[in-house]
S.K.: 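A single structure is presented below for examination.
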Amino acid sequence: MQQQLNVSRENFDDWLVPTYAPASFVLVRGEGSWLWDQEGKDYVDFAGGIAVNALGHAHPQVKKTLVEQADKVWHLGNGYTNEPVLRLAKQLIDATFAEKVFFCNSGAEANEAALKLARLYGHKEGGNKSEIIAFKNAFHGRTLFTVTAGGQPKYSEDFAPLPQDITHLPFNDLAAVADHISDRTCAVIVEPIQGEGGVVPADASFLQGLRELCDKHGALLIFDEVQTGVGRTGELYAYQGYGVVPDILTTAKALGGGFPIGAMLTLDKYGVLFQPGTHGTTYGGNPLATAVAGTVLSMINTPEVLNGVQKRHQWFIDGLKRINEQYQVFSEVRGAGLLLGAVMSERFNGQAKQLNTLAAEEGLIALIAGPNVLRFAPSLIISGADIEEGLNRLERAVKRLCA
Ligand SMILES: *Cc1c(COP(=O)(O)O)cnc(C)c1O
């Protein structure tokens with residue numbers, strides 16, 4: 001075999017399009033909720049690859065599925081179906097409101113499919129029914145349609161001209177939606193908890209109200225559960241905890257536990273609007289991805305794992321409270337299950353990134369969600385001991401931030 005090139009963090013700036021500004025170290029190995037860098041330094045992982053590695057790194061059962069499927073068939077293309085994709089579709093249908101599933105490779109693609117389906121639905125209904133209502137500070141992905149639906153103009157305006165007829169209203173403001181929505185609205189897209197926007201949960205009354213307004217005006221209710229899905233909130237999908245059922249749900253991130261996959265879930269009557277040739281993607285329903293996702297889903301969709309998320313939630317809350325009693329670094333901890341946002345207090349306003357960098361120096365990988373929120377989205381099966389060790393490392397970082 002060819003000898004491998006020695007590489008380092010500096011090479012990122014030399015060779016990669018600088019769409020990211022990665023940390024100063026390069027991670028080379030992961031196991032459970034632990035990661036190691038090129039120097040052999042260890043890190044507790046409270047980020048989970050941005051809410052993706054829901055069963056930690058290199059879970060033996062997930063790895064077994066990947067290797068077994070790799071021995072069978074990796075890819076076929078859409079002229080042929082395969083066993084893993086059929087099994088995964090049935091699993092998702094059995095576990096949710098869905099009757100039809102479309103597979104793709106990412107969250108953005110799942111939302112792209114959802115928004116295109118909503119437009120198609122609107123055109124079939126007639127009457128210039130093309131308006132999409134979305135929310136300020138929302139995040140739905142980086143394709144031109146999804147980034148325009150997202151509620152941060154700074155991410156989309158440089159790519160104008162943008163897709164038309166998307167209206168942004170304030171999140172959790174039902175009156176604003178009631179004022180604006182009309183029979184011209186084909187869909188409302190919303191995250192049950194705004195993830196990138198700062199870990200901001202929707203009020204139950206807001207989602208319930210959206211459901212009623214959508215029913216009244218014949219608009220499709222789309223829940224973007226790319227970040228909240230697959231056990232993250234302690235329910236398989238967050239809508240189940242809210243008791244509000246959407247017409248379309250998008251899921252990705254944790255679905256493959258680290259293997260890229262996305263899906264759009266919907267009802268029969270909407271799903272069949274897409275016919276052969278109207279939408280697709282080469283890798284969608286790829287047997288490697290769907291085999292892995294099948295194992296991930298069946299492992300997470302158990303009372304032990306889902307109840308365990310609630311238990312771990314409390315451990316995090318208690319530990320963060322303990323740190324905060326001493327240092328008053330956070331004004332609030334919000335979110336659900338294992339999607340948590342610690343909001344920086346007045347004194348440390350805008351310093352989430354500094355704290356995150358110090359945490360990494362202390363051997364803890366966490367996330368931020370905007371300039372003012374430190375975010376945690378660890379493995380759903382992280383051990384109590386690993387949570388404690390991670391929080392101890394966080395405390396050391398907090399102490400340095402205060403110094
Ligand atoms: C991450 C995310 C997306 C985009 O997913 P990609 O896989 O990065 O395309 C969309 N919506 C939400 C809520 C997300 O958190």
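Being a predicted model, the structure only gives us computed values, none of them experimental. Counting convention: from 1, in listed order, for ligands and their atoms alike.
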S.K.: Heavy atom under 4.0 Å from ligand 1: found in Glu225's side chain, backbone, both, or neither?
M.R.: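 None of Glu225 does.
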S.K.: Which residue supplies the protein heavy atom nearest to atom 1 (C) of ligand 1, what is that atom called, and how far is it?
M.R.: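 Protein heavy atom with the smallest distance to atom 1 (C) of ligand 1: Lys253 NZ, 1.5 Å.
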S.K.: Assign the ring pair Phe102 / Phe274 to parallel, tilted or perpendicular, where the plane angle (0 to 90°) is split at 30° and 60°.
M.R.: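 Rings of Phe102 and Phe274: tilted, 30 to 60°.
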S.K.: Please say whether Glu196 places an N or O atom under 3.5 Å from an N or O atom belonging to ligand 1.
M.R.: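 No.
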S.K.: Before signing off on this row, confirm whether Gly141 and ligand 1 have an N or O atom pair separated by under 3.5 Å.
M.R.: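 By distance alone, the answer is no.
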S.K.: Are any of the N or O atoms of Glu191 closer than 3.5 Å to those of ligand 1?
M.R.: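 N/O-N/O distance under 3.5 Å: no.
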S.K.: Under 4.0 Å, heavy atoms only, figure out whether ligand 1 is touched by the backbone of Ile50, its side chain, both or neither.
M.R.: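 Answer for Ile50: neither.
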S.K.: Compute the centroid of each ring, for Phe46 and then for Phe376, and state whether the two points are separated by less than 6.0 Å.
M.R.: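 Here the rings of Phe376 and Phe46 have centres that are less than 6.0 Å from each other.
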S.K.: In the protein, which heavy atom is nearest to atom 9 (O) of ligand 1, and how far is it?
M.R.: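 Sorting protein heavy atoms by distance from atom 9 (O) of ligand 1 puts Ala108 N, 2.7 Å first.
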S.K.: Check ring-ring contact (aromatic ring centres under 6.0 Å, His included) between Tyr237 and all other residues, then give those that pass, not counting sequence neighbours.
M.R.: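 Tyr237: no ring-ring contact (aromatic ring centres under 6.0 Å, His included) contacts found.
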S.K.: Taking 4.0 angstrom as the limit, do Asp37 and Arg9 come out as a salt bridge?
M.R.: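 Result for this pair is no, no salt bridge flagged.
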S.K.: Going by the atom numbers of ligand 1, which of them fall below 4.0 Å from some non-hydrogen atom of Ser106?
M.R.: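 Answer, ordered by atom number: 7 (O), 9 (O).
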S.K.: Step through the shown structure and confirm whether more than 12 heavy atoms of other residues, nucleotides or ligands are within 6.0 Å of OH on Tyr327.
M.R.: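 More than 12 heavy atoms, drawn from other residues, nucleotides or ligands, come within 6.0 Å of this atom.
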S.K.: With heavy-atom distances below 4.0 Å as the criterion, list the atoms of ligand 1 near Asn111.
M.R.: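 Heavy-atom distances to Asn111 below 4.0 Å select 10 (C), 11 (N).
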S.K.: Distance to the ring centre below 6.0 angstrom and angle to the axis at most 45 degrees; does that hold for Arg142 and Tyr155?
M.R.: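 The answer is yes; both the distance and angle limits are met.
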S.K.: Can you check whether Gln227 reaches Arg232 side chain to side chain, under 4.5 Å on heavy atoms?
M.R.: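 Heavy-atom side-chain distance check fails, nothing below 4.5 Å.
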S.K.: Any nitrogen or oxygen of Asp224, side chain or backbone, less than 3.5 Å from one on ligand 1?
M.R.: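 N/O-N/O distance under 3.5 Å: yes.
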S.K.: Hey, which atoms in ligand 1 end up nearer than 4.0 Å to a heavy atom of His140?
M.R.: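 Near His140, the atoms of ligand 1 are 10 (C), 11 (N).
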S.K.: Below 3.5 angstrom, do we get any N/O pair linking Gly107 and ligand 1?
M.R.: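 Between Gly107 and ligand 1 (N or O atoms, distance only) the closest approach is under 3.5 Å.
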S.K.: Taking salt bridge (charged side-chain N to carboxylate O under 4.0 Å, His left out) as the criterion, tell me which of Lys41, Arg396, Arg400 meets it with Glu361.
M.R.: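 Per the salt bridge (charged side-chain N to carboxylate O under 4.0 Å, His left out) rule, the option paired with Glu361 is Arg400, out of Lys41, Arg396, Arg400.
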